[in-house]
2 protein chains.
Amino acid sequence: MATVIPDSTPEQDSGQRIARRSLHDEVVERLRDLIVEGELEPGKRVPERVLCERFGISRTPLREALKVLASEGLVELLPNRGAVVAPLTVVELDEIIEVMVALEGLAGLLAASRMSDAGIVEVKALHYEMLACHARADLHSYFKLNQAIHLAIIEGAGNATLVQTYGALNGRIRRFRYMANLSGARWDHAVAEHEEILAALTRRDSALLSRLLSDHLRNKYQHLKQAYEAEAQAAE
Amino acid sequence: MATVIPDSTPEQDSGQRIARRSLHDEVVERLRDLIVEGELEPGKRVPERVLCERFGISRTPLREALKVLASEGLVELLPNRGAVVAPLTVVELDEIIEVMVALEGLAGLLAASRMSDAGIVEVKALHYEMLACHARADLHSYFKLNQAIHLAIIEGAGNATLVQTYGALNGRIRRFRYMANLSGARWDHAVAEHEEILAALTRRDSALLSRLLSDHLRNKYQHLKQAYEAEAQAAE
DNA sequence: GCATTGAATTTTGCATTCAAAATGCTAGCA
DNA sequence: TGCTAGCATTTTGAATGCAAAATTCAATGC
């Protein structure tokens, strides 16, 4: 995450050209999106020239952005041979999840005691919105609300470093979320887990919330991993 | 951490000029050292021009390095006003330790079951070397061995992402270690904790090792924090 | 004497340029 | 036909150049 103190330029996303705030920071975000959304494929070279033209910028800010993304682990820099989108092996995926499970646990522990009542109410609202999406089988909105709930809980831990650390890891695996295609049973189960999570948060049961969040991520990952391995196999 | 695949250039640190591997990556390391060692003071501006001359490089690689360090949280980029060494507030220190405690706990959990016998033997050797330093009251060497032990355990968890994540956070607080001046009683206590840690690791007691490592870091931090707050107060 | 304004200087952000490395292509040879 | 050497092209890494923003500082007015 680029620690740039943003100036107060408003978020006018109307133009496709880059103009607002520091250029390189904008480019970092754009590139990250391209990678997360899969437009830049893992293992493939990041075409400097093409992207420069596409963004209407010179190579300097683009290269700065690549360095930042490399430090986040999203791309790999090969000396004198440019940048490639970091491919994520199953081993790395396992590693990242292992760490994230611990961080979710920490978030639960802290959020249960530190989150404001208003925060809990907000999570509750998001939860019910998410249930609505489940009922409508609106997977895309469900994912977004799901992410929003987890983010709200992590932010509720009142630890900006935790938010940042979790976010960096989440960024590396987020692109796989695009593949996860919840089957009916698994989806129902996930929703049931969320019910428990909400209940534990409402009761401010630290130990339970911690455990539930960790388990939930582990379970989610089981599914994600199966989908990934299936895809990886299919890709051969 | 800059994810650069290093080429096989040997680590010849003889000359003060930068020549080996990708320049920007070298600069990142050098700048990090300057910050960690306190030569660049927190809150102060990072003088681009001066550092360029000092390193004998142009502004481009230096600026790239600053972007990377910003993403690590070591510096803050102020748009149009350059970079400053990120000052670490007590609140941020608290946050970082909170996350690191969780990561140490995870490391203990994993290392107890995954570490090789050879790895445990190595930790044991480091441990006794450290005891020797304690006996000789050689604080500097003690610190180095202490760090080596913790690193060995964290690496013993067999999770590169954990190593990297922990390392990034550790980098942000390492400069404070330079202040920590272990009092006799506290030092003895720390050594006693290390004895317990080694015993738990030898017995491969996951739960215990996890708890001990977390507690140990928390305790260490108590001391560190007091020293920091005393210093901060004295600085006024 | 102090605050304010505005010009000179410095610093920053990005584009451009240049040299070195890597890549691709062609031709020559077995 | 297949392989390799050598050249041309492209791409990368870093230096330099240039315009805009910020800072400094002195002169002016109060």
**Request:** Please check the phosphate of C:dA15 (OP1 and OP2 only) for any side-chain N or O of A:S58 closer than 4.0 Å.
**Result:**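 So the side-chain polar atoms of A:S58 do come within 4.0 Å of the phosphate oxygens OP1 or OP2 of C:dA15, strictly under.
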Quickly work out the [X] [atom1] to [N] [atom2] distance and round it to whole Å.
X: A:F55; N: C:dC14; atom1: CZ; atom2: C1'; value: 16 Å
X: B:L66; N: C:dT11; atom1: CG; atom2: P; value: 15 Å
X: A:I57; N: C:dG13; atom1: CD1; atom2: C1'; value: 12 Å
X: B:E64; N: C:dA15; atom1: CD; atom2: P; value: 14 Å
X: A:E53; N: C:dT16; atom1: CD; atom2: P; value: 12 Å

**Item:** Verdict with reasoning, A:H216 to A:H150, per side-chain contact (heavy atoms from CB on, under 4.5 Å)
**Value:** CA-CA 11 Å; A:H216 179 60; A:H150 284 279; 3.4 Å; yes
Protein-nucleotides 8-13 of chain D N/O pairs closer than 3.5 Å?
| residue | atom | partner | partner atom | Å |
| --- | --- | --- | --- | --- |
| D:dT12 | OP1 | A:R45 | NH2 | 3.2 |
| D:dG13 | OP1 | A:N80 | N | 3.1 |
| D:dG13 | OP2 | A:R63 | NH1 | 2.7 |
| D:dG13 | OP2 | A:R63 | NH2 | 3.3 |
| D:dG13 | N7 | A:R59 | NH2 | 2.8 |
| D:dG13 | O6 | A:R59 | NH1 | 3.1 |

**Item:** For the student: nearest non-hydrogen atoms of A:L34 and A:R54, plus distance
**Value:**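 That closest heavy-atom pairing would be CD2-NH2, 3.6 Å.
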**Message:** Tell me if a side-chain donor or acceptor on B:E76 pairs with a main-chain N or O of B:A86 at a distance below 3.5 Å.
**Reply:**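 Judged by distance alone, no pair lies under 3.5 Å.
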**Asked** Donor-acceptor pair, B:S71 side chain versus B:V68 backbone, under 3.5 Å?
**Response**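 Judged by distance alone, yes, a pair lies under 3.5 Å.
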**Prompt:** Do you know which of A:K67, A:R172, A:R32 makes side-chain hydrogen bond (donor to acceptor under 3.5 Å, both in side chains) with A:E72?
**Reply:**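 Result: among A:K67, A:R172, A:R32, A:R32 is the only option passing the side-chain hydrogen bond (donor to acceptor under 3.5 Å, both in side chains) with A:E72.
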**Request:** Kindly indicate, with the supporting measurements, whether the criterion side-chain contact (heavy atoms from CB on, under 4.5 Å) is fulfilled by B:L106 and B:S210.
**Result:** CA-CA 6 Å; B:L106 174 62; B:S210 176; over 6 Å; no
